[in-house]
Amino acid sequence: MLEFLKGKKNHFIGIDFGTSSIKVVEISYQNQKLHLENYGVVDLNWSNHGDEKANMKAASFEQKLNESLKSLLLKMNLSSGMAYVSIPGFSGLITIIELPEMESEELAKAIKFEAHKYIPSSLDEIAMSWEIIEHAEKDAGAALNAGKSSAFGKKIKVLLVAAPKRDIERYDRLVSGSMLDVGAIELETFSIARSLVGDDNGSFFIIDIGSRATNIILVENGVVKVNRNIDAGGNEITNAICDSMNISRQRAEIFKKGDKDFLNTTETSIVIPVLELIVGESLRIMNAYKEKNKDSKITSAMLSGGTATMKGLDQYFSRSLGVDVTIGDPWKKVAVEPAIKPLADDLGCSFAVALGLAMRGVEDYKRG
Ligand SMILES: Nc1ncnc2c1ncn2[C@@H]1O[C@H](COP(=O)(O)OP(=O)(O)OP(=O)(O)O)[C@@H](O)[C@H]1O
Ligand SMILES: [Mg+2]
């Protein structure tokens, strides 16, 4: 009975606190398959394109998120269960550091020392986790030249993940206050990688464009290898349309979401600097990766986030990056009832984070 009250054991809820909306999805794991059970989205309706949010005190910002989440969960009739929650990519850090192989105690010290290079604030305020992702033979010649005598002549690559404790505690408070249990809180970068790539082999390049931020992710054989956040996204596209066409923000937003492809035509004078910025950063990451990994190839890229469905955006990136570009499909590994399939397709990749979070629940459950 208690178990029943606490929610079904094989059901998992993903909660994505996006800048423009909160998205929630519930999936179940039955007969070794994922099934969509429930989903919902609530707009946060910030007026004045986010100025209101910027000026809001932290307490009232949290209150707004709290109320919005509660009303959404009520609508979805979700009053219990295990929830997985994301922290925005730009709040955290994901990096790979290379170290000589060493004992685990020494390693913990070395990682903390390295982390200081990336994290300016006190490490007491940061939650960190790391995982060794690669053991490699050290180039013997290089080791000798450097005059080092590493006991094993080997080096390791460590994936270091860090996020402010303050953010983790805030999301924990928000979700616990809504009667759900918190299964885990993770950076949304991992949620996106999970729903769009999973453990598929090969190299994948993902560009997630939300409303406030863009998250560029390179995944290789199921591991996030490179991650870069840009503090600009769909909002800046709307602003650029506003300025170029001299129209209101509301009209620019409608125009942006319309059927007209103004990204791949020479007849338009709309300049969108944020897209050029994303292209420049993507090319830099792709080239640096090619340089370092001679035998790994990136032959395509996937778009994700609410902006991904913008008319002509895939073609624009394909032309600018010189690779095939598709719109990612986070639903591909989830069974969806035929009756709601068109709705799920419509929501498409704006649910990549929420779905990836719920999938984390299934992963943890399978591991036992
Ligand atoms: N058809 C469309 N064409 C162009 N842009 C779109 C379309 N549909 C939604 N968008 C844009 O997608 C953005 C919202 O995407 P998403 O829901 O992924 O953002 P978010 O998660 O709330 O924000 P962030 O990840 O930055 O915190 C908005 O800027 C919205 O204008
Ligand atoms: Mg988002």
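Both counts, for ligands and for their atoms, begin at 1 and track the order of listing. These values consider heavy atoms only, across backbone and side chains, with no hydrogens, waters or symmetry-generated copies.
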Hey, do the aromatic rings of Phe255 and Phe262 have their centres closer than 6.0 Å? yes
Of Ser304, Gly306, Ala232, the one whose closest heavy atom lies nearest atom 9 (C) of ligand 1 is Gly306
When distances are taken from atom 25 (O) of ligand 1, the protein heavy atom at minimum range is Gly210 CA, 3.8 Å
Return the closest protein heavy atom for atom 30 (C) of ligand 1 as residue, atom name and distance. Glu253 OE2, 3.6 Å
How about CG on Asn246, more than 12 heavy atoms from neighbouring residues, nucleotides or ligands closer than 6.0 Å, or not? no
Among all the protein's non-hydrogen atoms, which is closest to atom 2 (C) of ligand 1, and how far away is it? Lys257 CG, 3.6 Å
In this structure, does ligand 1 have an atom that sits under 4.0 Å from one of the heavy atoms of Pro88? no
Tell me whether Arg360 forms a cation-pi arrangement with Tyr365, defined as NZ or CZ under 6.0 Å from the six-membered ring centre and within 45 degrees of its axis. no
Return yes or no for this condition: an N or O of Lys256 is under 3.5 Å from an N or O of ligand 1. yes
At a 4.0 Å threshold, what atoms of ligand 1 neighbour a non-hydrogen atom of Gly18? 20 (P), 21 (O), 22 (O), 27 (O)
Can a donor-acceptor pair be found between the side chains of Asn215 and Thr189 at a distance below 3.5 Å? yes
Take Glu98 and Lys155 through the salt bridge (charged side-chain N to carboxylate O under 4.0 Å, His left out) test and state the conclusion after the steps. CA-CA 7 Å; Glu98 233 177 64; Lys155 56 185 179 176; 3.4 Å; yes
Please state which protein non-hydrogen atom is closest to atom 11 (C) of ligand 1 and give its distance, to 0.1 Å? Thr307 OG1, 3.7 Å
Shortest protein contact, atom 28 (C) of ligand 1 (heavy atom only): Ser211 CB, 3.7 Å
Could you verify whether a donor N or O on one side chain and an acceptor N or O on the other, from Ser86 and Glu186, lie under 3.5 Å apart? no
Residue set satisfying ring pair (Phe, Tyr, Trp, His ring centres under 6.0 Å) with Tyr316, at least two apart, ordered chain then number -> none
Could you tell me whether Thr238 and ligand 1 have an N or O pair separated by under 3.5 Å? no
Closest heavy-atom pair and its distance - Val41, Leu72: N-CD1, 3.6 Å
Test of proximity, Ala213 against ligand 1: N or O pairs below 3.5 Å: yes
If you measure every N/O of Glu188 against every N/O of ligand 1, is any gap under 3.5 Å? no
Provide, to 0.1 Å, the distance between atom 3 (N) of ligand 1 and the closest protein heavy atom, together with that atom's residue and name. Met310 CA, 3.4 Å
Apply the test salt bridge (charged side-chain N to carboxylate O under 4.0 Å, His left out) to residues Glu337 and Lys341: give CA-CA distance (whole Å), side-chain angles for both, the deciding distance (0.1 Å), then the verdict. CA-CA 6 Å; Glu337 296 263 337; Lys341 181 88 177 86; over 6 Å; no
So which heavy atom in the protein is nearest atom 22 (O) of ligand 1, and how far is it from that ligand atom? Ser20 OG, 2.6 Å
Identify whether the distance between the nearest side-chain nitrogen and carboxylate oxygen of Lys256 and Glu253 falls below 4.0 Å. yes
Considering heavy atoms of the protein only, find what lies nearest to atom 17 (O) of ligand 1 and give residue, atom and distance to 0.1 Å. Lys23 NZ, 2.8 Å
